[in-house]
Amino acid sequence: MAKNTNMRWRLPLVCLLWELAMIVLFGVFVRFGAEADAHWEEEKRNMNLTSDMENDFYFRYPSFQDVHVMIFVGFGFLMTFLKRYGFGAVGFNFLLAAFGIQWALLMQGWFHSFKDGKILIGVENLINADFCVGSVCIAFGAILGKTSPIQLLVMTLFQVTLFSVNEYILLNLLHVKDAGGSMTIHTFGAYFGLTVTRILYRPNLEQSKDKQGSVYHSDLFAMIGTLYLWMYWPSFNSAISDHGDAQHRSAINTYCSLAACVLTTMAFSSMLQKKGKLDMVHIQNATLAGGVAVGTSAEMMLTPYGSLIVGSISGIVSTLGYVYFTPFLESRLHIQDTCGIHNLHAMPGLIGGIVGAITAAAATEDVYGKEGFIKAFDFTGVYQTRTPSIQGGFQAAGIVVSLLMAFAGGAIVGGILKLPIWGDAAAENCFEDGIYWEVPEDEESDVYHMHNPDKPASP
Amino acid sequence: MAKNTNMRWRLPLVCLLWELAMIVLFGVFVRFGAEADAHWEEEKRNMNLTSDMENDFYFRYPSFQDVHVMIFVGFGFLMTFLKRYGFGAVGFNFLLAAFGIQWALLMQGWFHSFKDGKILIGVENLINADFCVGSVCIAFGAILGKTSPIQLLVMTLFQVTLFSVNEYILLNLLHVKDAGGSMTIHTFGAYFGLTVTRILYRPNLEQSKDKQGSVYHSDLFAMIGTLYLWMYWPSFNSAISDHGDAQHRSAINTYCSLAACVLTTMAFSSMLQKKGKLDMVHIQNATLAGGVAVGTSAEMMLTPYGSLIVGSISGIVSTLGYVYFTPFLESRLHIQDTCGIHNLHAMPGLIGGIVGAITAAAATEDVYGKEGFIKAFDFTGVYQTRTPSIQGGFQAAGIVVSLLMAFAGGAIVGGILKLPIWGDAAAENCFEDGIYWEVPEDEESDVYHMHNPDKPASP
Amino acid sequence: MAKNTNMRWRLPLVCLLWELAMIVLFGVFVRFGAEADAHWEEEKRNMNLTSDMENDFYFRYPSFQDVHVMIFVGFGFLMTFLKRYGFGAVGFNFLLAAFGIQWALLMQGWFHSFKDGKILIGVENLINADFCVGSVCIAFGAILGKTSPIQLLVMTLFQVTLFSVNEYILLNLLHVKDAGGSMTIHTFGAYFGLTVTRILYRPNLEQSKDKQGSVYHSDLFAMIGTLYLWMYWPSFNSAISDHGDAQHRSAINTYCSLAACVLTTMAFSSMLQKKGKLDMVHIQNATLAGGVAVGTSAEMMLTPYGSLIVGSISGIVSTLGYVYFTPFLESRLHIQDTCGIHNLHAMPGLIGGIVGAITAAAATEDVYGKEGFIKAFDFTGVYQTRTPSIQGGFQAAGIVVSLLMAFAGGAIVGGILKLPIWGDAAAENCFEDGIYWEVPEDEESDVYHMHNPDKPASP
């Protein structure tokens, strides 16, 4: 089955038109927020601030940079594990994220930073845009190797939009807390991506089975992604928490959860293999589940041992998922999940939502202090009378809403991506950089030392 | 043509003598600035500071570390794309940068931090030293693979000196703004390097043409460099801006410019290939042009949509450069530009200088606020009466001065490097780590699986 | 000699039991410190703090993240230089560090953060836990490739315990300064590891000699580790120094020392080879000795030129060590030191301790200022009457104590690890990922393109 995968006019057209749209919309809507505007000196006086240090930049910029690394190097390199899809993994992730953050600045800006007809942006907007794109990177993991760059851009456009709507419903209408995005980023992103890949089901994908594995060095490249995600996750979960104790606490909880997760992942990875050997797929992915699973509760008084428990459980669940659940999803439900995002993001995301709901419901003034209690859950204004147990109920509702948005949105977007105009590759050419990239010939080299000369790899 | 490339006595001699000189000069001149000196407690009282947070360390150290990563990992790994020159790329970059930062601390210190016979250093000096060395790393890109480590050290010595003079002329005499260094770092560094490589023209370089390409994994290593440069560029452009809004604004502008740049680069990379395939060379390099092109204006009120426009244009210009301009430079002007720094630094640097001049000339008190206007352009003291349009003129003059310094300096240094005493390799041995490095034999391996046993690769 | 290296039940058992123990102990002992607790608002009022910026999180979190990268990516990738042990290097380092930081939070917590029956943790505890684990990563370097993951976990358990005791003796009983850990981390960690590897001496290790080398790309992976260690070392040495000038000064001293170290390493690496070629082993390791050697004195008034001198010397000593000392240790003393930690950590650590003692002994009120002098050395309370020369004596005592603890502890732990129950590999299977990891088959690939089919590599 020959398909037209030539991107020559389609990809440039999409990229340039969309960038043009971004420029126009930014021109109409986006301006600097007060802390980034040259009027800051006056603003400082108005706000009675004595030091430039009070600029939000200094509270959040280091975390922003860590999050930025997670999105571009973390997700990008995590997906380079495939032997012949390293360019696509890191390059398409780069493309979709670069477009996505622009569109997210607008979408999230309209919902959260709109004032007098303008979107006023600062460092927190940059972090939120990265977060939003994180959910697209997650969905990308499910369809990795099977889609054209245009499909990815189309998906990004829609997913960022839906993410922002879902986020608005959760944070503003349900008044839910979700600083690390267990629900908004992971649950939504993963089930969205899984629904898309279900719709795009390829019955003949075993034709490219030989390219779905890794080689020795591609596994090491992937570990770069894994480690940066793992190390910087405390920054991810604390990046937009309240100044002071909340950021501090989020970082500690996440650090503890991730540490525990590594041990249980290693344990189950070894236990589930006949020879007791460790599997790189588990180490690369399941060790991160602990970060996902404390995404909602990290800024709450989860406590360090609570974090260890959550991290331990999520490592086990995630590893079990890779061994038993992924094959089941593929064979029975026709969900082809290239990176196993169901194990790394979907299930741990659900755990994260549930843990968040429980932790919120269990909150007391005694544990948080009178002021801390109100501050932690924003029980002010119309929410003044909300009790912890009601908050827990709303948190749980947030999970359900995220799931519904993901399934519905994924189904619609999957349907759009199924149209035969986007230039995706035939089944036998999946997981193959040679389709969309100029690939070096590597006569003397490793991966492209082709035995089968009629493969399209060496063009 | 056999050349003596044995470094055994020459390289150690140069390294040790120069390090000795550094020790002596540091001993005579360099001391801790007030914020790093143990007298800080008294200083704090004198300056009426109530918190250690007011120490410049906390305003700039996170950005410093990001810049540091850009210089050593960013530039180092960006240049590992060559199939057999990874050691040289990352190792010689390490060597020249480690020497360069020491010499830059002195040179820039004499010009900018000299007080009572001593150079007083703090975190801002470290950043500026890294910046200065950045311009050497850029020039290194033009001559990559064709020079001995001694030549690189000699070039570093002279280029750091000339950089500091040029920077002094621009910042102090012309009173030009250039926080991200579009002129001082990129324009100067790139045209300096291009002039040097023109002087060192090798007519028989096609003898090592087979080694000028990449292999699959070397392209992935290079993407590590690309991504770290791309992600941390907002820190680069904001690292030495004024505290508060200026740092905040620089980061946002750079973030926007870089995001736009990725899309136009991908568009043109695909458009300019017959089969519409993306070229890793463009993705590795042209995606960064957006950071260069807002180097001067990022701390000004360029606005987010202005940044998108600048980023979009620079991505296009840079990609076109790789496709059409680099071959032209080599065939017609005999400029052999290994990494294509003309496309990544020279042209975007000029764009950056021009955008900076226009943005400065267009500044109004309305946009900046009365205080913000004075603060942004330092219109104090003898510059109290300078108007935006005059400032724009001086900014433009800064571009011209940087170009002249680069051409003149590059010609002189190129002449020095042409002397036959520095141990550079013959044309057929260029782009070959085996000349200056112990290279593992790799019998069973990728790159060094030699078909041609009389090549010097496996020593 | 066939050995049972099957980890199937042993490794899971150890991991799960120990994680369970961590959960129980954290549950009993570990709580959030005041700055991470939701009662922070009240605490702020009690401490008369006006800004959230005064939370220690903002003073130390950026440095913490840098240290975190050093432990997991820095040490992990530094050890990927072996051609067939990349998974083990980065994966086992991940495992032992993830366990180690939990146990270190407890051990160090009992000694330093224990209040009313609880360990109260904050960002400084996270840094210290990473530091403690750093000493285990160092020891891992000596036994790399020769031990099972269970042995590593057992070693981590004991080494973290002994580290904490040693640290307590030095910091609390001897009142020694050692912010960057020349003594507590490097000297202790290295001599501990060397003693362990001596006890575990394998007479037939030359059977796996062919796997003890690197391949081209594994050397590049190792350079990722090297550079991150090198770049972030200023954060390492300044991470737990006093706020303000001390952190600032530590970073500058370390930056200078490391820069000098690169030049002398390159010089001696070239000088000591007949053909004058640079050796990647030296560049990957000896360039870091400068960071180790200012570990104790970086926060003191060592001065920039003092740092250059220390860095220069340590680069020379370390490179000489690789060329002359490592072979001697192996052949005469039967110390098989896979990564050469004797050269990178042991000798530079001793230099660091000595330089620290001298710098302390030479301190004067004139150089530090009256207040700065007291603050720098904590000459308060019972230490009010201590003089610099006495402090120098105690610093020197700290070296001796660290050495004794390392030798004694290493001997005991080495003895435990020698028990035949831990599943270590036979001599001919050392340095081979295939023993403990599922390794991709790589038919068409680099490292595993086996000529010798009866090797156990492709299972």
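Protein chains get the first letters and strands the later ones, always in sequence-line order, with residue 1 at the start of each.
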Test side chain to side chain donor-acceptor pair (under 3.5 Å) applied to A:Thr264 and C:Glu19, step by step: CA-CA 8 Å; A:Thr264 55; C:Glu19 190 53 51; over 6 Å; no
Counting only N and O atoms by type, is there a donor-acceptor contact under 3.5 Å from the side chain of [X] to the main-chain atoms of [Y]?
X	Y	answer
A:Tyr216	C:Gly86	yes
C:Arg8	A:Met271	yes
C:Tyr61	A:Ser235	yes
C:Glu41	A:Lys370	no

Identify, with sequence neighbours excluded, every residue that meets side chain to side chain contact (heavy atoms under 4.5 Å, CB included) alongside A:Ala286.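 Partners of A:Ala286 under the side chain to side chain contact (heavy atoms under 4.5 Å, CB included) test: A:Thr265, A:Ser318, A:Thr319.
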Check whether A:Lys375 gets within reach of chain C through its side chain, its backbone, both or neither, counting any heavy atom under 4.5 Å.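 It is the side chain, since no backbone atom gets that close.
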So which part of A:Glu54 gets closer than 4.5 Å to some heavy atom of chain C, the side chain, the backbone, both or neither?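 For A:Glu54, side-chain heavy atoms alone lie under 4.5 Å from chain C.
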Less than 4.5 Å apart, side chain to side chain, heavy atoms only: is that true for C:Leu126 and A:Ile252?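 Yes; the side chains approach each other to less than 4.5 Å.
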Of all the heavy-atom pairs spanning A:Ser312 and C:Ile23, show the shortest one and how long it is.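 A:Ser312 and C:Ile23 have their closest heavy atoms at OG-CD1, 3.7 Å.
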C:Met7 versus A:Ser270, closest heavy-atom pair with distance: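 That would be O-OG, 3.4 Å.
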Between A:Trp230 and C:His68, is the ring centre distance below 6.0 Å?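 Yes, the ring centres sit under 6.0 Å apart.
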Centroid separation under 6.0 Å, is that true for the rings of A:Tyr305 and C:Phe29?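 They do not qualify: ring centres at least 6.0 Å apart.
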Could you tell me whether C:Arg45 and A:Glu371 have a side-chain N and a carboxylate O separated by less than 4.0 Å?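 The answer is yes: the pair qualifies as a salt bridge.
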